[in-house]
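Scroll down for the structure; my scribbles are underneath it.
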Amino acid sequence: MRHVFDVHRLVFRIGELASMTQVSARQLRYWEKKQLIKSREREGEQARVYTFGTFVQVSMIKYYLDNGYTLTAAAAKAQERDSRAKLLRRFIFKGLRGFAEMDGQVAINMGAFDDQQTLMALVPEEGTVTYRLVPNAEARRLTQDLPD
DNA sequence: GTTCTGACA
DNA sequence: TGTCAGGA
């Protein structure tokens, strides 16, 4: 059933994307010419192919457009939001992968604090979460990656 | 049937 | 941005 959740398999043609997002095919082509979005060409085809990521991007631009932003501003807003989402995703991903045990408690490796130290979050079964800075080498030693 | 580029009564 | 032409 994993294949059902593989977003890489979710690709669309311009007509599909247009009806999904309420953005006209004319607009999609125009936005692409203005470098606001991208489409990848299908081998041997001349028809555009859009990824799921582009669907999300177009949806965000459409949203800001409907809320009064100009096309350029809407695209900038969407890009900004996408950047923050990627940061958050990276943070969560690293957090989920970096479990460790410290003082008998579960700790989450929250990534490098600076050049030498790593921020660890100690999460007790109950009560307040506390934080501790440990040398990078120790953090690496304590942290065990979870299987994919 | 769908998509593509270019053009504008 | 819509829409139509003329091809693919």
Side-chain angles (χ1 to χ4, degrees), chain A residues 1-102 106-123 128-134 136-148:
Chain A
M1 281 296 282
R2 272 190 81 114
H3 65 282
V4 172
F5 305 104
D6 185 2
V7 295
H8 298 299
R9 298 186 61 176
L10 299 180
V11 293
F12 320 102
R13 294 176 61 173
I14 198 166
E16 299 170 321
L17 187 59
S19 58
M20 289 162 64
T21 60
Q22 295 298 295
V23 172
S24 70
R26 171 77 168 84
Q27 286 175 298
L28 291 173
R29 296 192 188 97
Y30 179 65
W31 295 2
E32 180 175 342
K33 194 188 303 181
K34 299 212 71 170
Q35 314 262 300
L36 270 32
I37 60 174
K38 290 180 181 175
S39 71
R40 68 164 206 237
E41 303 286 328
R42 181 187 283 166
E43 286 184 30
E45 276 305 323
Q46 63 284 351
R48 293 171 175 76
V49 174
Y50 298 96
T51 65
F52 184 81
T54 302
F55 160 64
V56 175
Q57 196 179 3
V58 170
S59 299
M60 290 195 297
I61 294 176
K62 165 70 172 172
Y63 170 80
Y64 287 114
L65 221 44
D66 288 344
N67 280 276
Y69 289 85
T70 62
L71 177 57
T72 307
K77 274 278 186 181
Q79 182 57 57
E80 187 181 318
R81 193 187 176 290
D82 186 59
S83 297
R84 272 188 268 112
K86 281 179 177 170
L87 278 178
L88 180 60
R89 180 181 57 77
R90 198 174 311 148
F91 175 79
I92 292 175
F93 184 68
K94 289 211 169 191
L96 286 175
R97 298 207 71 197
F99 278 114
E101 184 175 320
M102 296 179 69
V106 172
I108 298 176
N109 183 329
M110 301 188 68
F113 179 76
D114 56 32
D115 287 345
Q116 301 177 350
Q117 302 177 103
T118 296
L119 181 62
M120 302 293 290
L122 278 66
V123 187
T128 310
V129 174
T130 58
Y131 300 91
R132 188 177 303 171
L133 288 173
V134 302
N136 289 335
E138 184 182 345
R140 262 199 304 280
R141 183 171 57 76
L142 291 174
T143 302
Q144 45 188 311
D145 289 344
L146 294 177
D148 295 328

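With the nearest nucleotide of DNA chain B identified for both Lys33(A) and Glu16(A), Glu16(A) has the one nearer the 5' end.
Searching all strands for a Watson-Crick or G-U wobble partner of dT1(C) with both distances below 3.5 Å returns nothing. Base-pair partner of dT2(B): dA8(C) (Watson-Crick or G-U wobble, both distances under 3.5 Å).
Rounded to an integer number of Å, the gap from CD of Glu32(A) to C1' of dC4(B) is 11 Å. If you take OH of Tyr50(A) and P of dT3(B), they are 10 Å apart, rounded to a whole angstrom. One atom, CD of Gln46(A), and another, P of dT5(B), lie 9 Å apart when rounded to the nearest Å. Rounded to whole Å, atom C1' of dT2(B) lies 13 Å from atom CZ of Arg48(A). Regarding Leu28(A), its CG atom lies at a distance of 15 Å from the C1' atom of dT2(B), rounded to whole Å.
Of the possible polar contacts, one joining the Gln57(A) side chain to the Leu36(A) backbone as a donor-acceptor pair under 3.5 Å is found. Judged by distance alone, with hydrogens and angles left aside, the side-chain atoms of Asn136(A) form a donor-acceptor pair with the main-chain N or O of Asp115(A) at under 3.5 Å. In this structure a side-chain-to-backbone donor-acceptor pair under 3.5 Å is present from Glu16(A) to Arg13(A).
Nucleotides of DNA chain C with any atom under 4.0 Å from a heavy atom of chain A span, from 5' to 3', dT1(C) to dT3(C).
Considering only residues two or more places apart in sequence or on other chains, Tyr131(A) meets the ring-ring contact (aromatic ring centres under 6.0 Å, His included) condition with none of them.
With contacts defined as side-chain heavy-atom distances shorter than 4.5 Å, the pair Val23(A)/Ile61(A) does not qualify.
Remark: of the listed residues Arg48(A), Gln27(A), Lys38(A), Arg48(A) is the sole one forming a side chain to side chain donor-acceptor pair (under 3.5 Å) with Glu32(A).
At the phosphate of dT2(B), neither OP1 nor OP2 sits under 4.0 Å from any side-chain N or O atom of Arg13(A).
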